[in-house]
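Quick caveat: nothing in here was measured; it's all calculated off a predicted structure.
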Number of protein chains: 2
Amino acid sequence: MARQLFHFPLCPFSRKVRILLGEQKLEVTLVVEPFWNHRKEFLDLNPAGQVPVLVDDILVDPRKLPVPKVLSNSDAICQYLNEAYYEGVFMKGDVFEKAEIRRLTAWFDEKFFTEVSGPILYEKVFKRYLGGGGPDSGRIRRALIACERHLAYIDKILTDRYWLAGDGYSLADITASAHLSTMDYFGSVRWDPCPMAKEWYSRLKCRPSFKSLLKDRVSGIMPSSSYEDLDF
Amino acid sequence: MARQLFHFPLCPFSRKVRILLGEQKLEVTLVVEPFWNHRKEFLDLNPAGQVPVLVDDILVDPRKLPVPKVLSNSDAICQYLNEAYYEGVFMKGDVFEKAEIRRLTAWFDEKFFTEVSGPILYEKVFKRYLGGGGPDSGRIRRALIACERHLAYIDKILTDRYWLAGDGYSLADITASAHLSTMDYFGSVRWDPCPMAKEWYSRLKCRPSFKSLLKDRVSGIMPSSSYEDLDF
């Protein structure tokens with residue numbers, strides 16, 4: 001069966017795991033899961049009913065067949081991959097450096113998702129599937145304004161740092177770029193006023209781990225013209 | 001200056017950190033922060049504007065004074081405390097056992113907070129401070145129904161386990177009990193249909209680390225009659 005990731009193409013939490021798998025050069029079969037349908041077999045894998053879910057085949061006993069291990073929640077999956085493979089290279093440093101990686105990872109998974117990527121995804125994508133009516137333009141406008149504020153914040157941070165949480169490429173860069181890439185699909189990021197953030201994102205976009213994200217397409221929603229452009 | 005925690009009494013994320021500090025027997029000065037006022041000095045500590053924020057005095061150089069280190073985001077703070085003191089005892093095990101601790105921690109911090117503790121806190125407490133009108137009884141009712149579903153889920157898990165994520169008391173127990181204790185303040189948990197969950201919570205409630213939570217009071221909102229009762 002090998003390794004499988006149940007995901008949704010524009011889900012930033014799934015994208016985090018996909019980028020990390022790409023960085024670790026781990027093969028994976030991507031399975032699109034329309035989680036809003038609450039498929040019974042999927043709820044058996046993850047009672048929370050959310051993507052991503054990773055099924056990793058593990059050789060527990062060399063004389064036996066590999067055992068499929070089910071992991072859910074993007075943070076639990078990323079920490080698992082980071083610890084099980086490559087010796088934790090994406091969460092390196094002393095206790096304070098690790099705390100900074102975790103603070104910025106949570107910043108995007110919680111604050112940015114609540115104020116920006118969550119509302120935009122709901123209004124532009126999930127309402128189509130859930131039948132919640134047309135997009136709420138006021139809510140989209142507020143999310144876009146919040147996005148500018150968040151981008152200005154990381155632009156300021158990146159004035160003194162090569163990577164988001166410090167000297168090393170970490171889970172913070174992976175998480176932030178996953179959320180921003182979803183926004184970028186819709187052409188919703190104003191990069192020009194934030195040159196440091198733009199330069200940082202363009203470095204991430206060029207990495208092989210980003211390639212599969214740039215090929216994502218969702219029926220009925222075309223990406224912005226610069227979405228795949230490495231020189232945006 | 002010693003160690004300071006900026007918190008809000010009924011905030012489940014602050015409570016997580018308080019329980020952990022209690023388990024680690026680390027002295028701390030609690031500072032109530034009305035974070036909704038966006039106090040400038042507080043935003044300087046945490047640009048996200050949220051509690052909890054921990055200021056930990058660290059002796060970097062024995063010939064000099066301790067240096068205050070600022071940590072924000074409850075997960076980053078808990079992982080920091082767990083790694084910096086007591087050798088990670090609250091996140092023990094192999095990669096799969098750790099993934100289970102993280103999955104259940106995220107379950108409460110994300111799913112339970114979104115569906116239950118977040119709406120209840122907003123409707124019953126923060127609307128008073130933010131001036132959002134009276135509580136929305138429909139929203140409270142939906143949160144209470146969701147709470148029963150979550151409690152039934154952990155009741156099922158606890159049929160086979162002594163602690164939430166397995167054999168050891170972990171960050172998952174701390175996180176789940178922090179959120180449930182907030183709900184319990186309002187008398188919003190129906191324990192009786194879930195005997196395993198009730199037995200587990202009563203074990204946690206008896207621990208010395210819970211004592212300071214049970215003494216919390218918020219002006220104008222009295223706790224339920226059984227909130228402090230160890231034999232509820």
Test side-chain contact (heavy atoms from CB on, under 4.5 Å) applied to A:F13 and A:V51, step by step: CA-CA 7 Å; A:F13 301 99; A:V51 286; over 6 Å; no
For chain B, the option from A:Q50, A:E83, A:K98 that forms the most heavy-atom pairs under 4.5 Å: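 Highest number of pairs under 4.5 Å: A:E83.
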Winner by heavy-atom pair count (cut-off under 4.5 Å) against chain B, out of A:A48, A:A99, A:A106: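 With the most close heavy-atom pairs to chain B, the winner is A:A48.
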Which portion of B:E110 sits near chain A, non-hydrogen atoms under 4.5 angstrom: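 The side chain, not the backbone.
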Structural part of B:I58 lying under 4.5 Å from a heavy atom of chain A: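 Interface part for B:I58: side chain.
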Selection from B:F96, B:Y153, B:Y80 maximising heavy-atom pairs under 4.5 Å formed with chain A: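 Option with the top pair count is B:F96.
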Ring geometry between B:F42 and B:F6 (parallel below 30°, tilted from 30 to 60°, perpendicular above 60°):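 Judged by the thresholds at 30° and 60°, the geometry between B:F6 and B:F42 is tilted.
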Parallel, tilted or perpendicular, as decided by the 30° and 60° cut-offs, for the rings of B:W36 and B:Y129: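 Geometry flag for B:W36 against B:Y129: parallel rings.
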Minimum side-chain heavy-atom gap B:W163-B:W200 below 4.5 Å: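 Of all side-chain heavy-atom pairs linking B:W200 with B:W163, at least one is under 4.5 Å.
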Euclidean distance, A:S74 OG relative to A:I174 CD1, rounded to 0.5 Å: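 Nearest 0.5 Å value for the CD1-OG distance: 11.5 Å.
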